[in-house]
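Notes follow the structure.
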Protein chains: 4
Amino acid sequence: MGTEERQLTARGEERRRQIIEVATRLFAERGYHPTSVADVVDAVGVGKGVFYWYFPSKEALLAEILREGQKGRRRHQRDAIADVDDPVEQMERGIRSGMEWMAAHREVMTLIRFAATEERFAPGIRKGEAVAARDAAEPLARAIAEGRVPEADPDLLARAVVGVTQHLSATLIHADPSADPTPVIDAAVRFCIGGILAAPATATD
Amino acid sequence: MGTEERQLTARGEERRRQIIEVATRLFAERGYHPTSVADVVDAVGVGKGVFYWYFPSKEALLAEILREGQKGRRRHQRDAIADVDDPVEQMERGIRSGMEWMAAHREVMTLIRFAATEERFAPGIRKGEAVAARDAAEPLARAIAEGRVPEADPDLLARAVVGVTQHLSATLIHADPSADPTPVIDAAVRFCIGGILAAPATATD
Amino acid sequence: MGTEERQLTARGEERRRQIIEVATRLFAERGYHPTSVADVVDAVGVGKGVFYWYFPSKEALLAEILREGQKGRRRHQRDAIADVDDPVEQMERGIRSGMEWMAAHREVMTLIRFAATEERFAPGIRKGEAVAARDAAEPLARAIAEGRVPEADPDLLARAVVGVTQHLSATLIHADPSADPTPVIDAAVRFCIGGILAAPATATD
Amino acid sequence: MGTEERQLTARGEERRRQIIEVATRLFAERGYHPTSVADVVDAVGVGKGVFYWYFPSKEALLAEILREGQKGRRRHQRDAIADVDDPVEQMERGIRSGMEWMAAHREVMTLIRFAATEERFAPGIRKGEAVAARDAAEPLARAIAEGRVPEADPDLLARAVVGVTQHLSATLIHADPSADPTPVIDAAVRFCIGGILAAPATATD
DNA sequence: TATGAATGAGGATTCATTCAT
DNA sequence: TATGAATGAATCCTCATTCAT
């Protein structure tokens with residue numbers, strides 16, 4: 001009976017969640033590798049075996065955290081633009097909601113950024129990023145088709161936006177979690193929309 | 001006699017450099033933690049003692065790689081704008097040269113991004129980033145003062161630029177090192193300049 | 001209440017038997033130590049508690065399998081010679097029936113051979129072997145007394161027979177369970193009878 | 001640098017041998033699985049890492065012991081019949097020398113018998129046994145061709161001989177290592193030669 | 001009877017670092 | 001300078017067994 005298909009009771013489900021939360025915090029604080037399984041179970045206050053009752057390996061736990069994180073971020077962003085039609089407003093809302101999510105989940109974001117640098121986890125991250133870029137590229141493509149945004153590669157623009165939002169989150173917002181992130185988010189939106197609307201270089205010549 | 005102040009012969013200097021290069025590659029490929037000192041010395045083809053002759057610890061080696069990397073990037077960027085006066089052109093040249101450097105040093109960039117996620121190395125990275133942001137903020141501040149760029153926090157704009165360039169490097173340029181990075185760099189420049197020039201939100205109201 | 005004296009219902013008896021059979025198979029296939037109690041209960045499709053309801057420990061389960069196996073083999077052999085008086089024919093029938101039993105219980109035989117090599121279980125195996133040797137030695141002693149077999153140590157001859165039959169079972173018959181074991185058994189009988197009837201060394205001088 | 005191709009110094013070679021010897025003893029005494037690597041290195045009086053300097057794994061160490069053992073037994077047997085031409089005398093000498101080797105290496109023999117019962121090691125053992133059977137079958141085939149031994153499958157006869165010698169070694173000789181094994185060996189030779197010379201069943205009819 | 005959950009000692013293995021030569 | 005060898009703490013993981021329900 002593998003760990004995967006195990007049917008958990010309510011109590012079990014709670015334990016599992018607890019481990020995920022504690023591990024997310026510790027991994028983000030001390031790093032994935034420097035944090036041992038023993039650290040995690042000690043922090044949870046259970047025996048070592050419990051970990052392996054719920055997860056097949058430390059690696060699988062991180063993979064799950066990453067998967068959940070990327071899924072959560074995507075859902076949050078989708079919900080934020082669900083009731084909007086205008087593609088430019090969708091873009092703005094997407095940027096804003098993405099940053100809000102990151103501000104609220106800075107630990108998961110740290111792990112995602114870590115995972116992107118380690119070949120064992122990078123493929124999963126890249127896939128999630130590709131999905132996110134596709135999500136963001138859709139309104140962009142529409143806006144371009146409508147002539148409201150200059151012709152450009154929507155995937156590239158989407159990735160540029162991700163770069164801005166992720167980096168500002170990581171360096172400015174996460175640096176002081178108690179501060180109000182709104183000004184940074186506003187600035188990020190402005191910057192991104194400006195970047196997207198930038199007339200293509202050729203047009204300037 | 002500590003490792004730090006050791007006076008190396010020419011041959012020693014070469015060995016040291018060789019270790020740094022091999023380690024940079026291995027750390028970037030497999031991850032810092034998953035790569036053992038044994039892996040490094042085996043790849044270099046020397047005994048373990050050699051490693052500890054040149055570096056006091058594995059951690060110190062990574063720290064050195066990071067330091068060198070950040071220094072190199074800064075120098076490259078400075079050189080690129082040395083003979084330019086116009087702040088807007090400085091910004092553009094800075095963006096461009098920064099991305100060129102990243103394209104040519106993707107292994108070091110991977111390590112920098114990793115190091116930013118691990119508390120042991122993060123302070124050094126943050127310091128380097130702050131310096132980079134200050135460097136970039138200087139022409140920005142000048143441009144703002146000259147009225148050529150709308151009023152905004154130069155540090156924030158600089159960081160947004162770093163986010164764009166770093167992310168596009170990591171996801172688009174590094175993904176296919178054999179492809180010509182110029183189009184991506186051009187688009188990044190356009191995006192960033194557009195973002196910088198974006199009229200402040202207040203102006204839109 | 002110890003596990004030993006537990007009074008089992010018919011269903012309980014069946015469960016117990018099922019565990020023994022599954023465990024015998026798994027132990028023989030993967031080895032006793034590499035097979036975990038979890039493997040056994042998973043294969044049976046029950047929870048872990050069930051195991052410890054029927055057996056006090058994994059070790060006790062193996063001991064029981066071994067005891068049952070040795071008892072079964074002995075009974076089978078005894079039944080086979082019950083209605084024969086001639087000691088030489090008894091010997092032949094004993095060899096034949098012993099090999100038949102081994103062919104039909106190769107998993108148990110694997111466990112017996114394993115147990116003989118591990119000090120925790122070896123004493124039990126040795127005792128069983130001594131009994132088997134005594135069983136076989138009895139007709140031998142009679143045949144020697146009757147002058148139909150040259151003077152020799154009956155216990156040693158009995159053990160030689162066990163060696164032949166067990167090894168041929170393990171290497172030739174178990175190697176291809178679908179093949180007809182009769183030719184091998186015939187040859188074993190011939191070899192053993194020949195060995196038993198061999199004139200003592202002294203006679204050759 | 002894998003453990004395999006490591007070039008050892010004289011001191012290293014000695015260490016390696018020491019580990020093999022201590023492990024052989026402990027594995028045979030307590031069983032392979034119940035003996036931990038820690039037990040081995042403690043008995044040798046070295047740190048835990050030493051083990052993995054010389055062997056890639058506990059399993060590899062056992063495999064090596066088995067390989068060496070089978071090679072040693074074969075060499076011993078070959079040497080014993082090197083200067084003999086007569087196939088019947090070769091058979092006798094082979095049986096005798098095989099048992100002498102087993103008497104002198106009862107620990108290795110215990111491990112071989114254990115390994116034959118565990119699927120991870122069994123293939124190697126079976127291969128070794130096939131070789132041994134082929135070795136023994138050669139003089140047998142010759143004797144049959146010369147009409148000095150009745151027609152029979154030489155491989156089967158060879159395996160019967162192995163069964164006799166191995167079992168008598170394990171149960172009678174190893175039981176009391178201080179006793180003189182000669183009488184048992186003599187009896188084994190007599191039994192085996194008798195078995196080999198036994199007229200085929202068909203001839204009796 | 002039965003199960004899911006928990007325990008925690010123990011096991012194999014790794015690895016940064018040191019040391020004798 | 002350089003190497004092979006050694007160290008031993010630390011790591012991930014397993015597993016026999018127990019327990020609450």
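First the proteins, then the strands, lettered A, B, ... as listed; each starts at 1. These numbers come from the heavy atoms of this one structure, side chains and all, not from hydrogens, waters or symmetry mates.
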**Fill in**
The side-chain contact (heavy atoms from CB on, under 4.5 Å) partners of D:Glu14 (sequence neighbours excluded) come to none
**Asked** Among the nucleotides F:dA6, F:dT7, E:dA5, which one has an atom lying closest to any side-chain atom of A:Trp53?
**Response** E:dA5
**Message:** Measuring to OP1 and OP2 of F:dA6, would you say a side-chain N or O of D:Arg15 lies under 4.0 angstrom away?
**Reply:** yes
**Message:** My validator wants the stems of DNA chain E: runs of 3 or more consecutive Watson-Crick or G-U pairs, both distances under 3.5 Å, written as range with range.
**Reply:** E:2-21 with F:2-21
**Asked** What pairs with C:Asp39 under salt bridge (charged side-chain N to carboxylate O under 4.0 Å, His left out), at least two apart in sequence or on another chain?
**Response** C:Arg30
**Contacts of type side chain to side chain donor-acceptor pair (under 3.5 Å), residue C:His33, not counting sequence neighbours** = C:Glu118
**Request:** Assign each of C:Gly45 and A:Val46 to its nearest nucleotide of DNA chain E by heavy atoms, then name whichever residue's nucleotide is nearer the 5' end.
**Result:** C:Gly45
**Request:** Give the minimum heavy-atom separation between A:Leu26 and A:Val40, together with the two atoms involved.
**Result:** CD1-CA, 3.9 Å
**Item:** All pairs passing side chain to side chain donor-acceptor pair (under 3.5 Å) where residues 17-28 of chain C contributes a residue, at least two apart
**Value:** C:Arg15-C:Gln18, C:Arg17-C:Glu68
**Item:** Pairing residues for C:Arg73 by the side chain to side chain donor-acceptor pair (under 3.5 Å) criterion, not counting sequence neighbours
**Value:** none
**Message:** Suppose we screen for side-chain contact (heavy atoms from CB on, under 4.5 Å). Which residues come up paired with C:Thr110, at least two apart in sequence or across chains?
**Reply:** C:Ala28, C:Arg113, D:Thr117
**Partners passing side-chain contact (heavy atoms from CB on, under 4.5 Å) against A:Ala38 (at least two apart in sequence or in another chain)** = A:Ser36
**Request:** Starting from C1' on E:dT14, measure out to CG on B:Asp39 and report it in whole angstrom.
**Result:** 11 Å
**Request:** Provide, to the nearest angstrom, the distance between the CG atom belonging to A:Leu8 and the P atom belonging to E:dT3.
**Result:** 16 Å
**Message:** Walk along nucleotides 16-21 of chain E from 5' to 3' and tag each nucleotide B, S or - by protein heavy-atom contact under 4.0 Å, base first, then sugar-phosphate.
**Reply:** SBB---
**Request:** Would you mind reading off the distance between A:Phe55 atom CZ and E:dA6 atom P, rounded to a whole angstrom?
**Result:** 12 Å
**Request:** Let me know the distance between CD of A:Glu14 and C1' of E:dA6, rounded to the nearest Å.
**Result:** 15 Å
**Request:** Mind calculating the distance between CZ (B:Arg16) and P (F:dA2) to the nearest angstrom?
**Result:** 14 Å
**Request:** Could you check which residues of residues 112-125 of chain C get a heavy atom under 4.0 Å from DNA chain F? Sort them by number, please.
**Result:** none
**Message:** Under 4.0 Å between a side-chain nitrogen and a carboxylate oxygen: does that hold for A:Arg126 and A:Glu119?
**Reply:** yes
**Item:** Residue closer to the 5' end of DNA chain F, B:Val50 versus A:Pro34 (nearest nucleotide)
**Value:** B:Val50
**Between F:dC13 (P) and A:Tyr54 (OH): distance, integer Å** = 18 Å
**Message:** D:His105: which residues meet the side-chain contact (heavy atoms from CB on, under 4.5 Å) condition with it, sequence neighbours left out?
**Reply:** D:Trp101, D:Val108
Under 3.5 Å, which donor-acceptor pairs link side chains of residues 56-65 of chain D to any protein atom two or more places apart or in another chain?
from	atom 1	to	atom 2	distance (Å)
D:Ser57	OG	D:Glu59	N	3.4
D:Ser57	OG	D:Ala60	N	3.0
D:Lys58	NZ	D:Tyr32	O	3.0
D:Lys58	NZ	D:Thr35	O	2.8
D:Glu59	OE1	D:Arg120	NH1	2.8
D:Glu64	OE1	D:Arg16	NH2	2.8
D:Glu64	OE2	D:Arg16	NH2	2.6

**Complete:** By nearest-nucleotide position on DNA chain E, the 5'-leaning member of C:Gly12 and A:Gly12 is C:Gly12
